[in-house]
Engineer: 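I have a structure here, written as structure tokens, and I will follow up with some questions on it.
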Amino acid sequence: MLSFTGCAHNLTSNEAEELQQMRYDVNHWKEKDIDGEEKRRQGGCPMTPRETALLLKALGFPSTTNIYIVAGETYGNGSMKALYDEFENIFTHSTLATEEELETFENYQNRLAALDYIVALESDVFVYTYDGNMAKAVQGHRRFEGFRKTINPDRQNLVKLIDNLDQGQISWKKFVSKVKRLHADRQGAPYPRESGDFPKLEENFYANPLPGCICERHRSLNMHES
């Protein structure tokens, strides 16, 4: 996935070249030349492990927080170190389940994805670092299940704050204050799906089924209760 986004922030030049080559090797992929840094500034890149660690720390999650990663192996040599340095309890299905328990999932990536989906759905808090198809589905499902806490990172403004922090333009205290204010209303509370001039510009239905499925469900429940 990372190869096709064109994003290579915090990767080595060799790793960035390898990702670019992967993209060029796929003939049907139309977008070949991508300015990864500009895309990151626009909020179009998946958050790196370091960016994720800074977000979670600024939002007040303690270092003992149990974190379950719903994704495949993270690309980049040592790229996860920044996250491990801040949070000690990081898990995946491979670290929580035994080899015997995972035998039935072997060679069935869709089954592993379903397992990760269930954990994400049932988690106390769901934080997604990129709005791919699975993240959209989990968001919508958690809304349908009572608007469970789901943090939607403002990637565009977050990376600006991180760059300002790295350049010494703001203090850690100021960074924390700005991050908290930025995400105060991005934690899964109900709001009507945003419309667009045409369907492609409308907010994804699976990510936010309100109104639509949710109001119909509530109406049905009220009818049964009466």
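All figures in this text were calculated on a predicted structure; none of them were measured in a lab.
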Engineer: Any non-hydrogen side-chain atom of Lys160 less than 4.5 Å from a side-chain atom of Arg41?
Structural biologist: no
Engineer: Using the rule that Ile, Leu, Val, Met, Phe, Trp and Tyr join whenever any side-chain heavy atoms are under 4.5 Å apart, tell me whether Leu121 and Leu115 fall into a single cluster.
Structural biologist: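 No.
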Engineer: Quick check: do His183 and Leu55 have side-chain heavy atoms less than 4.5 Å from each other?
Structural biologist: yes
Engineer: For the OG1 atom of Thr48 and the CG atom of Leu54, what is their distance to the nearest 0.5 Å?
Structural biologist: 8.0 Å
Engineer: Apply side chain to side chain contact (heavy atoms under 4.5 Å, CB included) to residues Arg143 and Thr150 and explain how you reach the verdict.
Structural biologist: CA-CA 9 Å; Arg143 285 189 168 105; Thr150 302; over 6 Å; no
Engineer: Looking only at heavy atoms, what is the nearest atom pair of Pro46 and Glu51, with distance?
Structural biologist: O-OE1, 4.2 Å
Engineer: Which side-chain N or O atoms in residues 58-67 pair as donor and acceptor under 3.5 Å with protein atoms at least two apart or in another chain?
Structural biologist:
| residue | atom | partner | partner atom | Å |
| --- | --- | --- | --- | --- |
| Thr65 | OG1 | Pro62 | O | 2.7 |

Engineer: Side chains of Thr129 and Pro153, heavy atoms from C-beta outward: is any pair under 4.5 Å?
Structural biologist: no
Engineer: Using the rule that two of Ile, Leu, Val, Met, Phe, Trp, Tyr join whenever any of their side-chain heavy atoms come within less than 4.5 Å, decide whether Tyr130 and Tyr206 are in one cluster.
Structural biologist: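 No; Tyr206 is not reachable from Tyr130 via cluster members.
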Engineer: Rounded to the nearest 0.5 Å, what separates atom CG in Asn89 from atom OG1 in Thr95?
Structural biologist: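 That separation rounds to 10.5 Å.
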Engineer: Start with the C-alpha distance between Leu11 and Glu18, add both sets of side-chain angles, then the distance that settles side chain to side chain contact (heavy atoms under 4.5 Å, CB included), and finish with yes or no.
Structural biologist: CA-CA 11 Å; Leu11 297 179; Glu18 184 178 28; over 6 Å; no
Engineer: Mind checking the CD-CG spacing from Gln139 to Asn204? Nearest 0.5 Å is all I need.
Structural biologist: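 So the gap between those two atoms works out to 8.0 Å.
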Engineer: Go through the steps for Leu161 and Leu165 under the test side chain to side chain contact (heavy atoms under 4.5 Å, CB included), then give the verdict.
Structural biologist: CA-CA 6 Å; Leu161 290 175; Leu165 178 68; over 6 Å; no
Engineer: Report yes if the side chains of Phe147 and Leu210 come closer than 4.5 Å at any heavy-atom pair, otherwise no.
Structural biologist: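 Yes; the side chains approach each other to less than 4.5 Å.
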Engineer: Less than 4.5 Å apart, any side-chain heavy atom of Leu158 and any of Met47?
Structural biologist: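 Touching, per the 4.5 Å side-chain cut-off.
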Engineer: Got Asn152 and Tyr128 here, is their nearest side-chain heavy-atom distance under 4.5 Å?
Structural biologist: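 Answer yes - side chains close enough.
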Engineer: Taking atom CG of Asn133 as the centre, does the number of heavy atoms from other residues, nucleotides or ligands within less than 6.0 Å exceed 12?
Structural biologist: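 No.
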Engineer: About how many Å separate OH of Tyr68 and OG1 of Thr92, when rounded to the nearest 0.5 Å?
Structural biologist: 6.5 Å
Engineer: Just distance, no hydrogens or angles: give the donor-acceptor pairs under 3.5 Å from side chains in residues 167-182, sequence neighbours left out.
Structural biologist:
| residue | atom | partner | partner atom | Å |
| --- | --- | --- | --- | --- |
| Gln167 | OE1 | Gln169 | NE2 | 2.7 |
| Ser171 | OG | Lys174 | N | 3.1 |

Engineer: Measure the CD-SG distance between Gln156 and Cys45 for me, rounded to the nearest 0.5 Å.
Structural biologist: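 One gets 11.5 Å once the value is rounded to the nearest 0.5 Å.
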Engineer: Are there more than 12 heavy atoms of other residues, nucleotides or ligands under 6.0 Å from atom CG of Asp124?
Structural biologist: no
Engineer: State, with a plain yes or no, whether a side-chain heavy atom of Leu112 is found less than 4.5 Å away from one of Leu102.
Structural biologist: yes
Engineer: Show me the pairs that pass ring-ring contact (aromatic ring centres under 6.0 Å, His included) and involve residues 78-99, at least two apart or across chains.
Structural biologist: none
Engineer: Would you call Arg148 and Glu122 a salt bridge, using N to O less than 4.0 angstrom?
Structural biologist: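 The answer is yes: the pair qualifies as a salt bridge.
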Engineer: Got Tyr191 and Glu203 here, is their nearest side-chain heavy-atom distance under 4.5 Å?
Structural biologist: yes
Engineer: Salt bridge or not for Arg142 and Glu145, using N-O below 4.0 Å?
Structural biologist: no
Engineer: Between the main-chain N or O of Phe105 and the side-chain N or O of Arg111, is there a donor-acceptor pair closer than 3.5 Å?
Structural biologist: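 Not at all, since once roles are kept as given, no pair shorter than 3.5 Å links the two residues.
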Engineer: Pair Lys39, Ile34 - check side chain to side chain contact (heavy atoms under 4.5 Å, CB included), show working.
Structural biologist: CA-CA 8 Å; Lys39 192 168 185 177; Ile34 303 173; 4.1 Å; yes
Engineer: Do you know the tightest heavy-atom contact between Pro211 and Arg193?
Structural biologist: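 Looking at all heavy atoms of both residues, the closest pair is O-NH1, 3.1 Å.
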Engineer: One thing to verify: whether Asp131 and Arg155 come together as a salt bridge, which I'm taking to mean a side-chain N less than 4.0 angstrom from a carboxylate O.
Structural biologist: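 Yes, Arg155 and Asp131 are salt-bridged.
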